[in-house]
Amino acid sequence: MKKKIRIAIPNKGRLKQPAIKLLERAGIEILEEERTYVSRTSDPRFEAIFARAYDIPVYVQYGAVDLGITGHDLILERDADVLELLDLEFGKCTLVVAVPETSTINAVNEIPALTRVATEFPNLARKYFEENEMQVEVLEVSGTSELAPKLGLAQIIVDISSSGETLRKNNLRVIASILGSTTRLACNKIAYRTFEKEITELLARLRGGL
Amino acid sequence: MFKFQDFDGKILALRAEMTAPVARIVTTRMPSVPEPIRLFYVTNVFRYSQSYLKREREFCQAGVELVGCNTPEADGEILALLISSLQKVGLKEVRIDLGNASLLKDLLDTAGLNEQQKGSLQNLLSCRDSVNLKKFMEQNDFPSKLREAFLQLSCCRKLDEVTSISLNASKYDKANKHLGSLLELQEILVDYDIEDMVFFDFSLTKKIGYYTGMVFEASVPNLGLPLGGGGRYDKFIEKFGKLKLPATGFALEIGKLLQALMAQGFEIPEETKAKVIVSSKFRNTAVEAVKLLREAGVIASLEVTRRNLEKTMEYGKFVGTDYVVSVGSSLKNPVTVYDIKSNVSRSVMLETFLREIGGQS
C-alpha cells in the first residue's frame, strides 16, 4: 500500500486553530480528536499528526512527517534543513529584544557586556548578539521569559511579540527587532520528491484558501 | 570538523569525509599509476551532526572514486554502481536526483548577480518557490530568455527534458555545454537501463563546494534523509599537488542504509550458528572437542572456570548458549549434551551431535 502523506500541526497555541481551518479550506478536514497520535483526514492521501510547534521543524527535517505547519522563527531557531514551500501568512510576529520599562538601556549597543538574556530562542539570540559583536550570557528558558527580569533572573529578554500586549503587561519595552516571522508550510526534502504531484496540488489549494 | 592540537602545537583534525584523503593519496602515493584509477573505501568519518535524535559524531561511510577521467561514461559508471550497490543491499524504490553544479553557477554568473543575490536566488530555487522566483527575476531584470530557462529548468524532472531549453546566444555557451552533457549522460543511463531511477533536480546544490559537474543524492521514499551522494570534482585533486586529475565518485552512509532497510521492513537475520560450551574434568578431551566443534563451524567455548555443571548451565542460559556438552576421558565414548532451552540431556556421539546441529563434520 502506498504510504500516506503525514502533515504535522501544532498541538496547542495560537497557530493551531488557524492551521486546522486553513487545511479545511484546502479540503483536508481532520476527522479525529487530536488526542490520537495519528488522525485520519477527509482526504485519504493525508494524515495529520499533532506535535509541539517547536519540534515540528525537526520532525520535518528527519522525515518523521512529510509536511509541517510551524513558524518561520522556529524553523530558524532549530536550524532545520527543510523546504519552506509556502508562507501561510498567519501567526505574524516579531522576535524582539526587550528591557524593563525602568531600564536606562534604549538601544542594543547600550547593553553592558555579560548582561544575562533570558529567552526561548537561544540559538537566534546568540547569533544576533554575535553579529552585533556583543558579549552577553544567554539563558535558555522554556516559556514565560517575560517573568525573568521581574525575578532578577535576567536583565533583558529575547522573545516573540505579536501585538506587544504581553510585553506591556509585564512592563517591558522593545529596544530592537531581530526578525519578523509568519507561519510556513515546511516540507521534507525527500518527501517533496516522492510526493511532488500531491504536494503541488495541495499548494495550489492552500494558495486558494489564503 | 573536529580539530585539536598535537604536542608540538600543530593542528590535527579528524576526517569529516574521504574525498580529500583520497585526493591526497592519489597525488602523493600514486603519481605513476595508469589512469583511470578506481578506488573504494569503507571507513569511519567524524562530523558534528545536528541530529536531535542521537548524539552521533562517528559515521561509517562506504564510497568509490573514479580518478583520471572526465567522460560522461565515467559518470555513468558511478551512477550505475551506486544504484546496483543500493539494490544489492536489498533496498527497493531507489532514486537518484541529479543536478549540475556548473550549470547553475554559470547561469548565475551570466545573470550578473552579486553574491547576496545569488544566495537568495539559490534559496528560492531549492525551496521550489516558483512564485517568488518569478518576482525575483523580474525585479532583477533577467533577460526574458534566461527567465524562461530558469523556470523551465526548475520544472524538468528527467535529464532529457532539458532538450526543450534554448539559450542560443554566445554568452550561454558554457551553460549549453552543460545541458549537452546531461543529454549525453542520459543516453548512457539508457544503456545501463537505469534511466527510470535517475531524476533531474536543477536546484540540487551540495554544501560541499568542490563539485564541478554532476552532483547527486540517493534516496528511498521511506527515509526522509539522503542515503548518500556524490558528484564530479575536476579541480579538486590539483589542490594537493601537481597532478591535475578529473574525478567522480560517491559515498554512502552505512547507518542510513540500515535505517532505510528497517523502514522497508527488512529484519536482521538471526544468528543461525549453534553456540556450545564444552565442560569436562578431562582437559585434553575438552580442548579436542572444542577444536572439532569450531572446525565444523560451531561457536564453541571451553569452560575455563572449573565451576560445576549446574553453574555452567546457568551461565550458558544467561549468555544465550544453545548447548552445554560434557565430555568424558575419550571422544570415542558418547558425550552428554544438555539442551539449555528445553532443559533435556542425552547421551550421544560427538559426531552425531555435530551432524544434528548442522556442523560440517
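Convention: sequence-line order gives letters A, B, ...; per-chain numbering from 1.
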J.: Of the non-hydrogen atoms in B:Leu223 and A:Ile190, which two are nearest, and what is the gap between them?
T.: O-CG2, 3.6 Å
J.: Please indicate whether B:Glu267 has more than 12 foreign heavy atoms, meaning atoms of other residues, nucleotides or ligands, lying under 6.0 Å from its CD.
T.: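 Atom CD in B:Glu267 is not packed in, count stays at 12 or less.
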J.: Look at atom NZ of B:Lys134 and say whether more than 12 heavy atoms of other residues, nucleotides or ligands are closer to it than 6.0 Å.
T.: no
J.: How long is the gap from CG on A:Leu86 to CG on B:Asn132, to the nearest 0.5 Å?
T.: 9.5 Å
J.: If you compare all heavy atoms of B:Pro221 against all heavy atoms of A:Thr194, which two are closest, and at what distance to 0.1 Å?
T.: CB-CG2, 3.4 Å
J.: Any side-chain heavy atom of A:Glu196 within less than 4.5 Å of one from B:Arg157?
T.: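 Result yes, sub-4.5 Å side-chain heavy-atom pair found.
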J.: Might you confirm whether atom OH of B:Tyr233 has over 12 heavy atoms from other residues, nucleotides or ligands at distances under 6.0 Å?
T.: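 Buried by this count: over 12 neighbours within 6.0 Å.
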J.: Find the distance between CG (B:Asp97) and OH (A:Tyr192) and round it off to the nearest 0.5 Å.
T.: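 Here the rounded value is 11.5 Å.
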J.: From A:Asp81 CG over to B:Leu225 CG, what is the distance, rounded to the nearest 0.5 angstrom?
T.: 9.0 Å
J.: Verify the neighbour count for atom NZ of B:Lys158: are there more than 12 heavy atoms of other residues, nucleotides or ligands below 6.0 Å?
T.: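 Check passes, neighbour count above 12.
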J.: Got more than 12 heavy atoms from elsewhere within 6.0 Å of CD, A:Gln135?
T.: no
J.: Is the closest side-chain heavy-atom distance between B:Ser219 and A:Arg193 below 4.5 Å?
T.: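 Contact flag for B:Ser219/A:Arg193 side chains = yes.
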